[in-house]
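Note sheet for the following structure.
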Protein chains: 4
Amino acid sequence: MVTKTVGKNKQKAILTGTLALISERGFHDTPMSLIAQRSGVSTGIIYHYFENKDDLIHTLYQRIKQEFSAALLVGDPHELPWPDHLKLIWMNAYHYYITHPAETMFLEQYENSPYHLKWEEMPDENFTRLYALIEQDLAAGFMRPLPDPALYALTLGVASSLAKQQIEGTLKLSADQLAEIANAVCRAIAA
Amino acid sequence: MVTKTVGKNKQKAILTGTLALISERGFHDTPMSLIAQRSGVSTGIIYHYFENKDDLIHTLYQRIKQEFSAALLVGDPHELPWPDHLKLIWMNAYHYYITHPAETMFLEQYENSPYHLKWEEMPDENFTRLYALIEQDLAAGFMRPLPDPALYALTLGVASSLAKQQIEGTLKLSADQLAEIANAVCRAIAA
Amino acid sequence: MVTKTVGKNKQKAILTGTLALISERGFHDTPMSLIAQRSGVSTGIIYHYFENKDDLIHTLYQRIKQEFSAALLVGDPHELPWPDHLKLIWMNAYHYYITHPAETMFLEQYENSPYHLKWEEMPDENFTRLYALIEQDLAAGFMRPLPDPALYALTLGVASSLAKQQIEGTLKLSADQLAEIANAVCRAIAA
Amino acid sequence: MVTKTVGKNKQKAILTGTLALISERGFHDTPMSLIAQRSGVSTGIIYHYFENKDDLIHTLYQRIKQEFSAALLVGDPHELPWPDHLKLIWMNAYHYYITHPAETMFLEQYENSPYHLKWEEMPDENFTRLYALIEQDLAAGFMRPLPDPALYALTLGVASSLAKQQIEGTLKLSADQLAEIANAVCRAIAA
DNA sequence: CATGAATGAGATTTCATTCAT
DNA sequence: TATGAATGAAATCTCATTCAT
């Protein structure tokens, strides 16, 4: 039982090290040996926990994506009326991004590389619940009937774009400005 | 006279080959030897025109960024009143993206990699003119006083996000839907 | 226990292979791939033991220099009176040179290339002891008060020069001739 | 006639550039392109004046060797009695070395690389005259009957060794010290 | 489970030499 | 003569992956 935990810890350490390095240096320029070093493990052991480098990176992606989807549901948006649940979700996304800079940079990098086309997206329960909520809003006529990707781009896409700039230090938003942008996002898609 | 341009042609061929390969395969997985082969030149000559791989990629980025900024001004948006000039610019961006899939994928990849933080952005005359137009709209009270990056995310960011999905084949927009989205974008930032 | 030393053996093999090749072919014309082949190792492992080619060559130089300095003290020259200790040291140097032709050619090549100006000389205990002995001889008035480099040139420099020619096959010295030259060297610097 | 001079000038420029670069950077690390640049000529033209890189380097060596041998005879040593002519030759050598640092470094490098074994030494009239003078001294019993290479090592070898150290800045000799060393050299080989 | 030396294919870059102009 | 773009073989170095211990 002790060793089981050690094993999990080691796997976690590898994922953490990989995240740190890739967010700093990019996919290229992040060799396995450096990951091992940063994670405090040997090169060989990585291949015990992951099939190969691609598998390691993809696993990391899935973990982060899952963590992100869970973060979107913080505060139980399903309990709130339109448009409050939309604003909460948007704020949750934004908050996750700026409090998880490494994860954010990694996600952006991953999703914008031809890398992620090689794998199919895993189904995720939290996203399923979110899509259901959106369907309700559409059915109730609160939201304009735009294609899903358009709704995404006009909402969470904006959040990620802004967060990225804050992380890079090229933007600083006050609470008021943030609320104002959240309103703008609502205006964009509200019926 | 024809032969005088051979040199430039070769440099252009290299940039074109690089663009094609990187948009298909990513930064990693695009070796110089493959670039040479695809461009129909020898490996060595690449280093005559570019200092190294980084320089090649960055130069390519600058060229595309320039081409893009020029595309935004097609149809003389400065001559149109608010909000028509905004819509024109937005449509120009969108049009550039979907008619230049390789360039789009390259731009996204480049701007989302730690790569681009190593270089400072070049000043660009077209962007300067665009910013001036935005300042006017802000001063005239047409647009909400949001920070530049927020305005960008709510407008061109949306266009790029949508275009990317169309290129990847996960989205198809009708002219009506597109116009509807352009309206949404306007609503978002209009005062 | 045998296998524990495998690592060191491999490093030694690389140094030995490098020495052989460089003494035969020179710095240029000695590619890493050839070193690997001659040493019976893979190219990659060389970079496990040495940072780069420069580091490999410089490390080899240091090892040889150390071995040489140890060879100078064979027979305990400190126990002999003037000028016998000088003659012993001189003979030791000469003997080392002609019995280590590869090392000799390497040393000469290294010390006569702009290469060695990039590194600072390591302090060496044996040389320190030799300098102390020379100081004594100077203080005792046995030797003429010439600058150290001049003393070196008039003694060991002569040994190396002669050895080099013997190695190249352009000179053959009898024991008598050698003794005669050792005397000449003594005459040159004796007070 | 004008162009003939230009040609010679260009060849001279190439030799001068090569000398400067090799004395600074070594045989390796001195590419043809850099030689062209430093010499103010195009890469291609070098191959008009020299067959290849080896030929260029060997030609340079011969020129310098010739210049050096001429320098040894300055002041007409043949007119002076023993041991004055020996001292004059020795001083001539020393003087040439310290006033021609690039040439000195080049010579040393060349003669200590496996390079020079590929070519046979050219006969040189000045050296022939010098050898004749030495024969006379030997026959007259002024000099000890040591092999030629030994005589060389004990005389000019010492001069070159000292000069090299002065060039590298690790030694500074006063006129007195120099005269003292010249005396030491004479003592070494005088009967 | 764990290590890290070892491999070797392949990546980037260099450079002597050629040749069209 | 003169240029310098062009070639491509070869050099240096990297790195994902394996495996003996």
Side-chain angles (χ1 to χ4, degrees), chain A residues 3-4 6-7 10-11 28-37 40-56, chain B residues 1-4 6-11 28-37 40-56, chain C residues 1-4 6-11 28-37 40-56, chain D residues 3-4 6-7 10-11 28-37 40-56:
Chain A
T3 42
K4 270 278 171 67
V6 165
K10 207 154 251 185
Q11 195 195 30
H28 59 289
D29 210 23
T30 297
M32 292 297 260
S33 56
L34 201 60
I35 290 176
Q37 194 184 304
V41 302
S42 69
T43 321
I45 201 62
I46 299 181
Y47 289 85
H48 176 76
Y49 291 105
F50 305 95
E51 231 175 286
N52 51 38
K53 198 181 180 184
D54 269 22
D55 179 42
L56 164 59
Chain B
M1 186 139 350
V2 168
T3 44
K4 270 281 163 72
V6 158
K8 285 289 170 201
N9 284 347
K10 208 148 255 184
Q11 194 192 27
H28 58 287
D29 211 23
T30 298
M32 294 298 259
S33 55
L34 202 59
I35 291 176
Q37 193 182 307
V41 302
S42 68
T43 332
I45 198 63
I46 301 181
Y47 292 85
H48 181 77
Y49 290 107
F50 306 95
E51 241 177 89
N52 49 37
K53 200 181 177 182
D54 270 22
D55 180 41
L56 164 59
Chain C
M1 186 145 338
V2 169
T3 44
K4 271 280 164 70
V6 158
K8 285 288 169 202
N9 284 347
K10 206 148 255 182
Q11 195 193 27
H28 58 287
D29 211 24
T30 297
M32 293 300 257
S33 55
L34 202 58
I35 291 176
Q37 193 182 306
V41 301
S42 67
T43 331
I45 199 61
I46 301 181
Y47 292 86
H48 182 75
Y49 290 106
F50 306 95
E51 242 178 87
N52 49 38
K53 199 181 178 183
D54 269 21
D55 180 41
L56 164 59
Chain D
T3 43
K4 269 277 171 68
V6 165
K10 209 156 248 185
Q11 195 194 28
H28 59 290
D29 211 22
T30 297
M32 293 297 262
S33 56
L34 200 60
I35 291 176
Q37 193 183 304
V41 303
S42 69
T43 319
I45 201 62
I46 299 181
Y47 289 85
H48 176 75
Y49 291 105
F50 305 94
E51 229 175 286
N52 51 36
K53 198 181 179 183
D54 269 21
D55 178 43
L56 164 58

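Naming: A, B, ... by sequence-line order, numbering from 1 per chain. Values reported hereafter were calculated over all heavy atoms of this structure, with side chains retained and with hydrogens, waters and symmetry mates removed.
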Worksheet item: Hey, does D:L34 have a side-chain heavy atom less than 4.5 Å from the side chain of D:D29?
Response: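 Result no, sub-4.5 Å side-chain heavy-atom pair not found.
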
Worksheet item: Are any of the side-chain heavy atoms of A:I35 and A:T43 separated by less than 4.5 Å?
Response: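 With C-beta onward as the side chain, the pair stays apart.
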
Could you check how far [atom1] of [X] sits from [atom2] of [N], rounded to whole Å?
| X | N | atom1 | atom2 | value |
| --- | --- | --- | --- | --- |
| C:I46 | F:dT14 | CD1 | P | 13 Å |
| B:Q37 | E:dG10 | CD | P | 13 Å |
| D:H28 | E:dT13 | NE2 | P | 21 Å |
| A:I45 | F:dT18 | CD1 | C1' | 13 Å |
| A:D29 | F:dC15 | CG | P | 7 Å |
| D:L56 | E:dT17 | CG | P | 10 Å |
| C:F50 | E:dA6 | CZ | P | 12 Å |

Discussion item. Nearest 0.5 Å, please: how far is CD in D:Q37 from OG in D:S42?
Written reply: 12.5 Å

Worksheet entry | First encountered from the 5' end of DNA chain F, between C:K53 and A:M32 |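 Going by which nucleotide is closer to the 5' end, it is C:K53.
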
Worksheet item: Of the non-hydrogen atoms in C:T30 and C:K53, which two are nearest, and what is the gap between them?
Response: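 Heavy-atom minimum between the residues: O-NZ, 2.9 Å.
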
Fill in: Shortest non-hydrogen contact from C:N52 toward C:M32
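The answer is C-CE, 4.5 Å.
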
Under 4.0 Å between a side-chain N or O of [X] and OP1 or OP2 of [N]?
| X | N | result |
| --- | --- | --- |
| B:Y47 | E:dT13 | yes |
| B:Y49 | F:dA5 | no |
| B:H48 | F:dA5 | yes |
| B:K10 | F:dT7 | yes |

Practice prompt. Would you kindly compare C:T43 and A:T43 by the position of their nearest DNA chain E nucleotide and give the one closer to the 5′ end?
Written response: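 First, find each residue's nearest nucleotide; the 5'-ward one identifies A:T43.
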
Item to complete: Nearest-nucleotide wise, let me know which of B:N52 and C:G44 is further upstream toward the 5' end of DNA chain E.
Response: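 Looking at the nearest nucleotide for each, C:G44 comes out on the 5' side.
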
Worksheet item: For the side chain of B:P31, counting heavy atoms from C-beta on, which of F:dA2, E:dT12, E:dT7 is nearest?
Response: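 Given the options F:dA2, E:dT12, E:dT7, the side chain of B:P31 is closest to E:dT12.
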
Discussion item. Could you identify the nucleotide paired to E:dA20, looking across every strand shown and requiring Watson-Crick or G-U wobble geometry with both distances under 3.5 Å?
Written reply: F:dT3

